[in-house]
Number of protein chains: 2
Amino acid sequence: MTKSQPSGVKDRILKAAKELFISKGFAGTSIRDIASASDSNVAHVKYYFQSKANLFEIIFDEAFDILINRVSATITSDLPFEEMIERWITTYFELLPHYPQIPMFVLSEINHSPDALVDKIARKNPEKIFNRLSERMEEEIKKGTIRPVPVFDLGLNILSLCMFPFMFSGFATRTVGIPRSEYNALVANHKQHVVDFVLRALKP
Amino acid sequence: MTKSQPSGVKDRILKAAKELFISKGFAGTSIRDIASASDSNVAHVKYYFQSKANLFEIIFDEAFDILINRVSATITSDLPFEEMIERWITTYFELLPHYPQIPMFVLSEINHSPDALVDKIARKNPEKIFNRLSERMEEEIKKGTIRPVPVFDLGLNILSLCMFPFMFSGFATRTVGIPRSEYNALVANHKQHVVDFVLRALKP
DNA sequence: GTCTATAGCGGGATAGAC
DNA sequence: GTCTATCCCGCTATAGAC
């Protein structure tokens with residue numbers, strides 16, 4: 001049946017849109033760019049996705065899911081605290097090399113977006129993860145297994161150490177001049193260092 | 001003399017351009033936006049700044065200077081190593097609250113910019129700072145005053161911990177829903193925590 | 001220096017032929 | 001489903017009156 005076959009064109013558009021939106025942003029990408037990069041035309045894009053904003057939302061939601069939701073399972077797991085922290089960090093450092101531009105894309109587009117779009121995201125993604133993390137940390141501090149570090153500071157440090165290296169890659173490669181392959185290797189090696197860094201800093 | 005008086009219009013345009021470019025990016029900002037936000041018109045903007053790209057470059061260069069060059073004095077200073085690290089971190093946490101959107105602006109626009117612009121920046125800002133930092137760290141490691149941490153990993157961690165909190169503020173306030181004033185207070189308080197975190201993690 | 005008018009292009013969206 | 005043609009708008013840039 002023609003209806004259930006993937007059209008091919010639709011997938012190509014989605015792929016091209018992903019690359020362009022993620023590397024050049026919403027405002028820096030036009031439907032015409034997407035059409036020519038996917039070897040189709042403007043009418044195809046409009047036919048399958050109605051509007052630029054609608055297509056963008058599909059790409060953005062997937063990116064947001066990768067950056068935030070896929071990691072939440074680790075944080076809400078019942079692993080012992082130190083292992084949970086280690087898993088949290090390693091999960092990011094194993095996931096993000098496949099999507100190195102996602103952290104910059106998501107955080108940057110949230111800054112550029114009008115309130116309407118951001119509100120939609122906020123509604124879909126409540127603070128459950130953050131609350132759960134908060135509970136876990138408070139327990140451990142009470143037990144004395146880690147030194148008393150405010151939840152906000154530890155959480156922000158971990159996110160900083162996991163996401164920033166990927167957000168910095170454009171600067172490192174394009175401005176400082178480190179070859180991309182070399183930077184990627186350095187970041188891959190950075191994972192264990194971040195784990196050590198965090199666990200050492202948490203020792204009572 | 002009329003020539004040496006600030007025109008007023010020119011300054012208003014610069015101010016409006018700064019706000020718009022920094023919050024909405026190059027592609028998301030039009031000359032018309034800048035003209036109306038500065039209570040002037042398109043011709044004024046063109047008269048004083050010739051082109052959108054030229055005006056952008058002025059704003060970008062200043063932002064780049066704030067983010068990178070103003071801190072370099074600390075790194076190249078002759079302070080004892082631990083004090084230098086502490087000064088480096090505190091300098092960022094004292095400077096960036098005045099320019100909270102600068103880290104995201106600079107790193108994001110570098111990703112979006114064509115090679116031509118990025119090359120210009122790279123030429124102006126060689127890797128001197130990075131080399132100097134590298135020397136300092138290697139000395140300390142040889143002396144045994146800090147544990148042997150690769151230069152790249154420590155440098156990247158410090159940049160991560162100092163810049164990311166500001167890059168994350170849009171997410172925290174708009175998606176997680178933390179009020180901006182509260183987030184700012186948390187980040188202000190975060191400074192000493194980052195210093196402790198880094199120094200603890202460096203202990204031999 | 002200031003401002004209007006407009007050129008010339010590229011943007012998103014739409015209509016309708018096939 | 002596919003594709004061309006086109007509308008209408010906003011964009012940067014320019015010319016030239018005052």
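Naming convention: chains lettered A, B, ... in sequence-line order (proteins, then strands); numbering from 1 in each chain. Just so you know, these numbers come straight off a predicted model, no measurement behind them.
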Residue list, ring pair (Phe, Tyr, Trp, His ring centres under 6.0 Å) with H193(A), at least two apart or on another chain
H190(A), F197(A)
Can you sort out the partners of A53(B) under side chain to side chain contact (heavy atoms under 4.5 Å, CB included), two or more places apart, ordered by chain and number?
S51(B)
Protein-nucleotides 13-17 of chain C N/O pairs closer than 3.5 Å?
{"residue": "dA13(C)", "atom": "OP2", "partner": "K46(A)", "partner atom": "NZ", "Å": "2.5"}
{"residue": "dA13(C)", "atom": "OP2", "partner": "K52(A)", "partner atom": "N", "Å": "3.3"}
{"residue": "dA13(C)", "atom": "O5'", "partner": "K46(A)", "partner atom": "NZ", "Å": "2.9"}

Euclidean distance, atom OH of residue Y47(A) to atom C1' of dC18(C) [Å, nearest integer]
14 Å
What is the distance, to the nearest angstrom, from the CG atom on N41(A) to the P atom on dG1(D)?
15 Å
Can you name the ring pair (Phe, Tyr, Trp, His ring centres under 6.0 Å) partners of F164(A), sequence neighbours left out?
F168(A)
Residues two or more places apart in sequence or in another chain: which of them pass side chain to side chain contact (heavy atoms under 4.5 Å, CB included) with S40(B)?
V9(B), I13(B), A35(B), S38(B), H44(B), V45(B)
Report yes if a side-chain nitrogen or oxygen of S30(B) is closer than 4.0 Å to either non-bridging phosphate oxygen (OP1 or OP2) of dG10(D); otherwise report no.
no
Find the distance D33(B):CG to dC11(D):C1' and express it as a whole number of Å.
10 Å
Atom NZ of K10(B) to atom P of dT2(C): distance rounded to whole Å?
11 Å
Where along residues 13-25 of chain B does a heavy atom fall under 4.0 Å from DNA chain D?
none
Picking from dC3(C), dG1(D), dG1(C), the nucleotide nearest the side-chain atoms of Y48(A) would be dG1(D)
Can you list everything that forms a ring pair (Phe, Tyr, Trp, His ring centres under 6.0 Å) with Y99(B)? Sequence neighbours excluded, please.
none
Taking only residues two or more places apart in sequence, or in another chain, which ones meet D61(B) in a side chain to side chain contact (heavy atoms under 4.5 Å, CB included)?
E57(B), K124(B)
By side chain to side chain contact (heavy atoms under 4.5 Å, CB included), E135(B) pairs with (sequence neighbours left out) R132(B)
With a 4.0 Å cut-off, would you call D39(B) and R12(B) a salt bridge?
no
Answer yes or no: does a side-chain N or O of H44(A) lie under 4.0 Å from OP1 or OP2 of dG1(D)?
no
